[in-house]
Colleague: 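First, the structure itself, so that you have it in front of you.
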Amino acid sequence: MKEGPDIARIAALIGDPARANILTALMVGKALTATELAQEAGVTIQTASVHLSKLEEGGLISARKQGRHKYFTLGSPNVASLLEALMGLASDKGHLRTRTGPRNDALRAARICYNHLAGEAGIQIYDSLVERGHLENNEMGLQLTSNGHRFMSQFGLGIESISLLKAPLCRECLDWSERRSHLAGSLGRKLLDHMKGLGWLRVENGSRVITFSANGKAAFSKSFPVM
């Protein structure tokens, strides 16, 4: 018997079209009900419940009950990273479920990836922080430098409180559309939340698309310039 991680089981869980649709729907970072996920998957609630049980057993999603409803989220940021990477591979190999169009362009420009900013805008944040010496890759992995700490403080983020969170402060996530790294981890999540709070951007209802306001786009470009 072969030993080691059972990638076949994970692949089989993701490989079912209905379960793939469920997982993709949860990439918005919101907790969704079985009814909502059944609609996303295009199956009955009963069938969705079977799929959800399998995904939960496999550790790909988590469930919590509140009141009369049970809500589902992705199991961890690692699951989101895996899905993003698979989307990139599928896109790179031409395996697209729909023809490209305006919605596809909007997803490529800016979208939510579980709990952080992805797409061209996400790449811009990562590249800007690296170019200005705020982020660096060393033997400890992706790290925020002392200059980066000062910048985040000036930007209105308290790094000390973020560092207390269980998730890594800085983490690279491979962007499916750009095939380059964008910023994940607790810092990536807090940056997205902060920009929402500033009114720079909003997540379109029922979509992963992120839309910048005119003022938000100008402020974003000023805060995260690239060469």
Side-chain angles (χ1 to χ4, degrees), residues 24-30 74 77 80-81 83-85 87-88 91 100-137 141-163 165 167-227:
T24 301
L26 291 174
M27 285 289 281
V28 298
K30 293 182 180 179
L74 290 183
S81 297
L83 294 173
E84 185 83 356
M87 290 175 189
S91 176
T100 58
R103 183 180 178 84
N104 184 271
D105 290 340
L107 279 171
R108 290 175 181 274
R111 66 181 179 278
I112 192 168
C113 176
Y114 185 50
N115 59 13
H116 54 270
L117 184 62
E120 294 168 3
I123 298 295
Q124 182 172 335
I125 288 180
Y126 184 91
D127 287 351
S128 178
L129 293 176
V130 171
E131 286 177 6
R132 292 185 291 157
H134 297 331
L135 277 180
E136 67 176 11
N137 256 311
L142 188 64
Q143 300 288 313
L144 193 65
T145 65
S146 56
N147 285 339
H149 278 265
R150 283 192 291 271
F151 169 77
M152 292 302 168
S153 179
Q154 294 168 358
F155 191 58
L157 292 182
I159 297 301
E160 291 75 16
S161 61
I162 300 176
S163 299
L165 300 175
L169 180 64
C170 302
R171 189 170 60 81
E172 290 182 79
C173 185
L174 183 63
D175 197 277
W176 73 256
S177 56
E178 296 298 303
R179 308 302 289 157
R180 293 162 58 195
S181 294
H182 60 244
L183 180 63
S186 53
L187 180 57
R189 175 166 64 86
K190 286 295 183 180
L191 277 172
L192 177 58
D193 290 342
H194 188 56
M195 289 187 288
K196 284 182 188 176
L198 292 172
W200 290 9
L201 52 82
R202 62 185 174 86
V203 181
E204 297 293 336
N205 288 333
S207 170
R208 295 176 64 199
V209 172
I210 286 178
T211 302
F212 281 84
S213 66
N215 290 337
K217 189 172 184 179
F220 177 83
S221 296
K222 183 177 180 180
S223 297
F224 301 101
V226 289
M227 298 289 288

Colleague: What is the distance from atom CE of Met27 to atom OG1 of Thr24, rounded to the nearest 0.5 Å?
Modeller: 7.5 Å

Colleague: Run the salt bridge (Lys or Arg N to Asp or Glu O under 4.0 Å) check on Glu84 and Arg171 step by step: do they pass?
Modeller: CA-CA 14 Å; Glu84 185 83 356; Arg171 189 170 60 81; over 6 Å; no

Colleague: Once side-chain hydrogen bond (donor to acceptor under 3.5 Å, both in side chains) is applied, do any residues pair with Ser177, and if so which ones, sequence neighbours excluded?
Modeller: Arg111, Asp175

Colleague: List in chain and number order the residues that pass salt bridge (charged side-chain N to carboxylate O under 4.0 Å, His left out) with Glu204, two or more places apart in sequence or in another chain; answer none if no residue qualifies.
Modeller: Arg202

Colleague: Which heavy atom of Ala118 sits nearest a heavy atom of His182, and at what distance?
Modeller: CB-CE1, 3.4 Å

Colleague: So which atom in Leu142 and which in Cys170 form the shortest heavy-atom distance, rounded to 0.1 Å?
Modeller: O-CB, 3.6 Å

Colleague: Testing the basics here: between Val28 and Ser207, what is the closest heavy-atom pair and its distance to 0.1 Å?
Modeller: CG1-O, 3.8 Å

Colleague: On a heavy-atom basis, which atom in Met152 and which in Leu191 lie closest, and how many Å separate them?
Modeller: SD-CD2, 4.0 Å

Colleague: With rounding to the nearest 0.5 Å, note down the distance linking CD1 in Ile210 to CG in Leu201.
Modeller: 5.5 Å

Colleague: Main chain of Leu174, side chain of Ser181: is a donor-acceptor contact present, judged purely on distance under 3.5 Å?
Modeller: no

Colleague: What heavy-atom pair brings Gly216 and Ser213 nearest, and what distance separates the two atoms?
Modeller: N-OG, 2.9 Å

Colleague: Looking at OG of Ser223 and CH2 of Trp200, how far apart are the two atoms once the value is rounded to the nearest 0.5 Å?
Modeller: 3.5 Å

Colleague: I'd like to know if the side chain of His194 and the backbone of Phe155 have a donor-acceptor N/O pair within less than 3.5 Å.
Modeller: yes

Colleague: Judged by atom type as modelled, is there a donor-acceptor pair below 3.5 Å linking the side chain of Ser81 to the main-chain atoms of Pro77?
Modeller: yes

Colleague: For Arg150 and Ser146: C-alpha separation, side-chain torsions, deciding distance, then whether side chain to side chain contact (heavy atoms under 4.5 Å, CB included) applies.
Modeller: CA-CA 6 Å; Arg150 283 192 291 271; Ser146 56; 4.2 Å; yes

Colleague: Measure the spacing between CG of Leu107 and CD1 of Ile112 and express it to the nearest 0.5 Å.
Modeller: 12.0 Å

Colleague: Please determine whether the number of non-hydrogen atoms from other residues, nucleotides or ligands lying under 6.0 Å from atom CG of Asn147 exceeds 12.
Modeller: yes

Colleague: Would you give the length of the straight line joining atom CG of Leu198 to atom CG of Asp193, rounded to the nearest 0.5 angstrom?
Modeller: 11.0 Å

Colleague: Output side-chain donor-acceptor pairs under 3.5 Å for residues 121-130, partner residues at least two apart or in another chain, one line each.
Modeller:
from: Gln124; atom 1: NE2; to: Phe224; atom 2: O; distance (Å): 2.8
from: Tyr126; atom 1: OH; to: Glu172; atom 2: OE1; distance (Å): 3.1
from: Asp127; atom 1: OD2; to: Arg180; atom 2: NH2; distance (Å): 2.3
from: Ser128; atom 1: OG; to: Arg132; atom 2: NE; distance (Å): 3.2
from: Ser128; atom 1: OG; to: Arg132; atom 2: NH2; distance (Å): 3.1
from: Ser128; atom 1: OG; to: Pro225; atom 2: O; distance (Å): 2.7

Colleague: In Å and rounded to the nearest 0.5 Å, what is the CG to CZ distance from Leu135 to Phe151?
Modeller: 10.0 Å

